[in-house]
Protein chains: 2
Amino acid sequence: MDDTPKVWDFCTNSALKRASRQLGQLYEDVLSPSGLRGTQYSLLSQIAHSKNASLRTLADLLVMDLSALGHTLKPLIRDGYVELVPDASDRRVKRVQLTPFGLKKQQETTDLWRKAQARFENALGKQEAEALRRALNGISETSFAEAFTRASDGTEPGAGK
Amino acid sequence: MDDTPKVWDFCTNSALKRASRQLGQLYEDVLSPSGLRGTQYSLLSQIAHSKNASLRTLADLLVMDLSALGHTLKPLIRDGYVELVPDASDRRVKRVQLTPFGLKKQQETTDLWRKAQARFENALGKQEAEALRRALNGISETSFAEAFTRASDGTEPGAGK
DNA sequence: TATATTTAGTGGCATATACCACTAAATTGA
DNA sequence: TCAATTTAGTGGTATATGCCACTAAATATA
């Protein structure tokens with residue numbers, strides 16, 4: 001029989017992407033007066049928080065491919081929000097930091113972010129929002145990836161039931 | 001004082017994207033033998049499920065921009081999985097359908113998807129997974145977007161507290 | 001019915017994100 | 001110390017996704 005609907009209804013990956021598109025839109029609408037995309041604001045905030053992190057470190061924190069991070073940073077560097085500073089002791093490493101302009105932008109945009117966040121919490125409910133973030137953060141952990149990779153998919157030789 | 005950490009910890013939008021990257025990676029690793037990306041498998045499944053939907057309808061179901069859907073479909077059309085059929089009665093409309101080859105691919109790949117899904121449920125727990133999907137699907141609803149847009153962000157004139 | 005408005009899709013451009021191949025630098029080990 | 005391996009980044013290419021401007025077709029309105 002046709003199990004296509006089941007795939008659609010139960011695929012957490014698809015559900016996650018769909019929700020991510022929706023929420024991304026909603027946040028971006030609120031952030032738009034700043035001229036920053038949602039991702040860009042997130043990135044600036046992470047950079048502000050993880051002072052002087054290397055690209056590698058930042059990529060790991062963001063659960064993002066290193067080269068993807070490099071590409072994503074380019075517009076922010078071009079626009080003067082971010083700069084890469086070569087590390088003195090390890091010449092392979094580049095440290096990422098906000099320019100004064102970038103820091104100012106991040107701080108200003110935080111007011112808009114607060115609005116989006118308030119709307120979100122009001123729309124979903126504080127408890128629900130909190131629980132959702134916990135679940136999502138759990139999935140983002142390295143330990144979750146390990147658990148997933150180790151987990152049974154029902155096809156292992158000798159996997160009972 | 002510095003509230004940057006708060007932004008990082010509490011931003012549901014960022015948490016959603018991070019988790020989406022992580023889970024996307026994990027699912028793709030499992031699906032990779034099929035040659036389909038995670039998004040592509042989702043798309044084929046949705047097309048199989050929503051038989052003869054127009055691009056517009058499909059985009060709405062996927063909470064996706066119409067033109068984005070058009071772009072995303074291109075590789076699938078090029079590879080012979082999907083075709084666009086002009087509607088007879090409304091000549092603006094194109095209906096999306098799987099080719100026999102595309103249907104076969106979707107069905108075959110469902111075995112891999114089941115593995116990924118099983119791993120996910122085992123790693124997170126069935127209850128948790130179920131609750132997460134419910135929350136995510138709620139956010140994807142049009143009604144959620146409306147609630148978000150209507151919701152107070154604490155800056156309305158006369159908004160008490 | 002003729003015009004104004006809305007709707008469906010397309011194509012161009014920009015960002016987001018991944019993989020691969022490659023370079024340079026650091027680290028390991030014989 | 002010198003070769004083998006690992007690590008950090010970069011650049012190219014491909015998909016994912018959004019916005020805008022534009023065309024064509026349908027619908028609403030005067």
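Excluded from the calculations below are hydrogen atoms, water molecules and symmetry mates; all remaining heavy atoms, backbone and side chain alike, are included. In what follows, chains carry the letters A, B, and so on, assigned in the order in which the sequence lines appear, proteins first and then strands, with residues in each chain numbered from 1.
Within 4.0 Å of A:L55, counting heavy atoms only, lie sugar-phosphate atoms of the nucleic acid but no base atom. Residue-level contact check: A:Q40 touches the backbone only, with heavy atoms under 4.0 Å from sugar-phosphate atoms and none from bases. Among the protein residues, A:S89 comes within range of the sugar-phosphate backbone only, with heavy atoms under 4.0 Å from sugar or phosphate atoms but none that close to a base. Within 4.0 Å of A:D65, counting heavy atoms only, lies at least one base atom of the nucleic acid. Here B:Q25 lies in heavy-atom contact (under 4.0 Å) with sugar-phosphate atoms only.
If you take CG of B:D90 and P of D:dT27, they are 6 Å apart, rounded to a whole angstrom. Following rounding to the nearest Å, B:Y81 (OH) and D:dT15 (P) show an atom-to-atom distance of 12 Å. Rounding to whole angstrom units, CG of residue B:L43 and P of D:dT15 are separated by 13 Å. Rounded to an integer number of Å, the gap from A:H71 NE2 to D:dT10 P is 10 Å. In this structure, CG of B:L66 is placed 15 Å from C1' of D:dA16, rounded to the nearest angstrom. Rounded to whole Å, atom C1' of D:dA16 lies 15 Å from atom CG of B:L58.
Each end of the helix from C:dT1-D:dA30 to C:dA30-D:dT1 gets its own axis, taken as the rotation carrying the C1' atoms of four end pairs onto the next four within a five-pair window, and the two axes meet at 20° to the nearest 10 degrees.
Checked against D:dA16, D:dT10, D:dA26, the side chain of B:T39 finds its nearest nucleotide in D:dA16.
Between the side chain of B:S34 and the backbone N or O of B:T109 there is no donor-acceptor pair closer than 3.5 Å.
No salt bridge links B:K115 with B:D111; every basic N to acidic carboxylate O contact stays at or beyond 4.0 Å. Between B:E130 and B:R134, at least one side-chain nitrogen of the basic residue sits less than 4.0 Å from a carboxylate oxygen of the acidic one, meeting the salt-bridge criterion. Ion pairing between A:R56 and A:D60 holds under the 4.0 Å rule for side-chain N and carboxylate O. Checked for salt-bridge contact, B:E121 and B:R133 meet the test: a charged N lies under 4.0 Å from a carboxylate O.
Between A:G70 and A:E28, the residue anchored nearer the 5' end of DNA chain D, judged by the nucleotide with its closest heavy atom, is A:G70. The residue among A:K94 and B:S67 whose nearest nucleotide of DNA chain D is located toward the 5' end is A:K94. Of the residues near DNA chain C, A:L73 and A:R91, the one whose nearest nucleotide (by heavy atom distance) lies more toward the 5' end is A:L73.
Between the side chains of A:N137 and B:R18, a donor-acceptor pair is found at a separation under 3.5 Å. Side chains of B:S45 and B:Q106: a donor on one and an acceptor on the other come within 3.5 Å. Under the 3.5 Å distance criterion, with hydrogens and angles disregarded, a donor-acceptor pair is assigned to the side chains of A:Y41 and A:T110.
Taking 4.0 Å as the cutoff to heavy atoms of chain A, we find the contact window on DNA chain C bounded by C:dT15 to C:dA26.
Considering only side-chain N and O atoms, B:R78 lies under 4.0 angstrom from the phosphate OP1 or OP2 of D:dT15. At D:dG18, none of the side-chain N or O atoms of A:R37 fall inside 4.0 Å of OP1 or OP2 (strictly under the cut-off).
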Determine, step by step, whether B:S50 and B:L61 satisfy the side-chain contact (heavy atoms from CB on, under 4.5 Å) criterion, reporting the C-alpha distance in whole Å, the side-chain angles of both residues, the deciding distance to 0.1 Å, and the verdict.
CA-CA 9 Å; B:S50 314; B:L61 288 168; 3.5 Å; yes

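Relative ring orientation between A:F120 and B:F144 is described as perpendicular, the plane-to-plane angle rising above 60° on a 0-90° scale split at 30° and 60°.
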